2 protein chains.
Amino acid sequence: MTNGLTIGAFAKSVGVRADTIRYYERHGLLADPGRTAAGYRIYDARDVERVRFIRKGKHLGFTLKEIGTLLSLHSSDTARAADVLDITQRKIAEFKSQISDLSQIEAALQRLADECPVNAPATDCPILAHLAALPERQGERED
Amino acid sequence: MTNGLTIGAFAKSVGVRADTIRYYERHGLLADPGRTAAGYRIYDARDVERVRFIRKGKHLGFTLKEIGTLLSLHSSDTARAADVLDITQRKIAEFKSQISDLSQIEAALQRLADECPVNAPATDCPILAHLAALPERQGERED
DNA sequence: CTTGACCTTGGACTATGGTCCAAGGTGCAC
DNA sequence: GTGCACCTTGGACCATAGTCCAAGGTCAAG
């Protein structure tokens, strides 16, 4: 029986702050919870599962908005696996693109760093030289 | 003679909005420019170079704060190449770490997506199953 | 009955990098 | 001399995902 938790205990049990729970509620990820006579929010085991779902979704790189969609697919009885797959594929594509961008930049920085003479004044640094390069001279090394 | 540009023309010449130029100024990346009698900002070729430096820095993934540091190293006559290299290495490390994180998540999503039966109700989707998994059952497939 | 820990609300603040707006002044062309 | 395009300023707003705060209400212990 983990039911009847107030927000603080509930939040602690799922490893987030009480503010985060209220934030999820305000943003439609959690339904309005039950309340005590005094107006205190009360959570039960189902809420625990729901927050864990959200946390795992975040862990997989989904935004809260996407997680909201995933949650509604999860609760729907007409939703198809393809709907979930679609969101997932999009996310995969997004990550691939980000990885590709980051890799290219990283490689460019690495090339510049490799040429950088440590024991020299900054004026000899190819990194600064690259940043300060005139547009005309860029044909040398640009995509 | 590209000197004596007002902010709009200047911004256009470097491919940004006038607001962006003011933003850079407010954030210390551009020094206070000269002014006409009426108070209009006036820019010259050196400013063009400086903004291009900033843009290229952004292109290489540096934050404006880092670019500010790079700019001051660029204008310093005591700065050493090692100072620039240091910032660059940090950025490279940051990117490597991001790439690694993204790759792991992407792989995890790909594994789930590969198992997802397209023509099935969402209840059979391993992606939702993973998100909804109880903490106890996670030992099966977690790091 | 008081104290401390908890809860309520709405709103402000964080970081990042701009973008947009309103109210008013300027510059140039026709 | 009027209209339009530009400029000025300060401040508000966008997305993201929270975090923190103040003022006030509640609950249980001692």
Side-chain angles (χ1 to χ4, degrees), chain A residues 4-30 32-44 47 50-71 91 94-95 98 101-102 105, chain B residues 4-30 32-44 47 50-71 91 94-95 98 101-102 105:
Chain A
L5 293 175
T6 56
I7 198 168
F10 171 55
K12 187 163 287 181
S13 81
V14 291
V16 304
R17 309 285 184 97
D19 292 296
T20 302
I21 298 299
R22 289 193 203 95
Y23 179 84
Y24 289 167
E25 182 185 324
R26 268 203 299 286
H27 288 73
L29 291 159
L30 295 177
D32 287 7
R35 300 275 183 153
T36 66
Y40 284 23
R41 290 172 178 82
I42 291 295
Y43 297 91
D44 64 18
D47 298 310
R50 204 168 164 94
V51 174
R52 281 209 235 270
F53 186 109
I54 297 170
R55 291 273 106 196
K56 283 193 195 164
K58 282 251 71 194
H59 218 76
L60 282 179
F62 291 106
T63 63
L64 292 183
K65 197 176 166 192
E66 288 160 345
I67 293 167
T69 306
L70 290 171
L71 275 167
K91 185 62 38 179
E94 196 182 296
F95 285 164
Q98 278 178 36
D101 290 353
L102 286 171
I105 296 174
Chain B
L5 292 175
T6 57
I7 197 167
F10 171 55
K12 187 163 285 181
S13 82
V14 291
V16 303
R17 309 284 185 96
D19 292 297
T20 302
I21 298 299
R22 290 193 202 95
Y23 179 84
Y24 289 167
E25 182 185 323
R26 267 203 300 285
H27 288 72
L29 290 159
L30 296 177
D32 286 7
R35 300 274 183 153
T36 65
Y40 284 24
R41 290 172 178 81
I42 291 295
Y43 298 91
D44 64 20
D47 298 309
R50 203 165 164 96
V51 174
R52 280 208 235 269
F53 187 108
I54 297 169
R55 291 273 107 197
K56 284 194 195 165
K58 282 250 72 194
H59 218 77
L60 282 179
F62 291 107
T63 63
L64 292 183
K65 197 174 165 191
E66 288 160 345
I67 293 167
T69 306
L70 290 171
L71 275 168
K91 184 61 41 178
E94 194 181 297
F95 285 164
Q98 278 178 36
D101 290 353
L102 286 171
I105 296 174

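Within every chain, numbering begins at 1; the chains are lettered A, B, ... in the order of the sequence lines, protein sequences first and strands thereafter. Given the structure is predicted, the values throughout are model-derived calculations rather than measurements.
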Taking side chain as C-beta onward, heavy atoms only, is B:Tyr23 less than 4.5 Å from B:Leu64? yes

Candidates D:dA17, D:dT19, C:dT19 - which lies nearest the side chain of B:Thr20: C:dT19

Base, sugar-phosphate or nothing for A:Lys58? Non-hydrogen atoms, less than 4.0 Å. sugar-phosphate

Short side-chain N/O contact from B:Arg55 to OP1 or OP2 of C:dG18, under 4.0 Å: yes

In degrees, rounded to 10°, what is the bend between the two ends of the helix from C:dC1-D:dG30 to C:dC30-D:dG1, using five pairs at each? 30°

To the closest 0.5 Å, what do you measure between CG (B:Leu30) and CZ (B:Arg50)? 6.5 Å

Spell out protein contact along nucleotides 21-27 of chain C as letters: B when the base is contacted, S when just the sugar-phosphate is, - when no protein heavy atom is under 4.0 Å; keep the 5' to 3' order. ----BBS

Whole angstroms only, please: what is the CD-P distance between A:Glu25 and C:dG10? 10 Å

Just the rounded figure in Å: distance from P of D:dG18 to CG of A:Leu64. 5 Å

Charged N to carboxylate O under 4.0 angstrom, B:Lys91 versus B:Glu94? yes

Protein-nucleotide distance (A:Asp32, atom CG; C:dT9, atom P), rounded to Å: 10 Å

Please state how far atom CZ in A:Phe62 lies from atom C1' in D:dA17, giving the value in whole angstrom units. 17 Å

So B:Phe10, base contact, sugar-phosphate only, or nothing? Heavy-atom distance under 4.0 Å. nothing

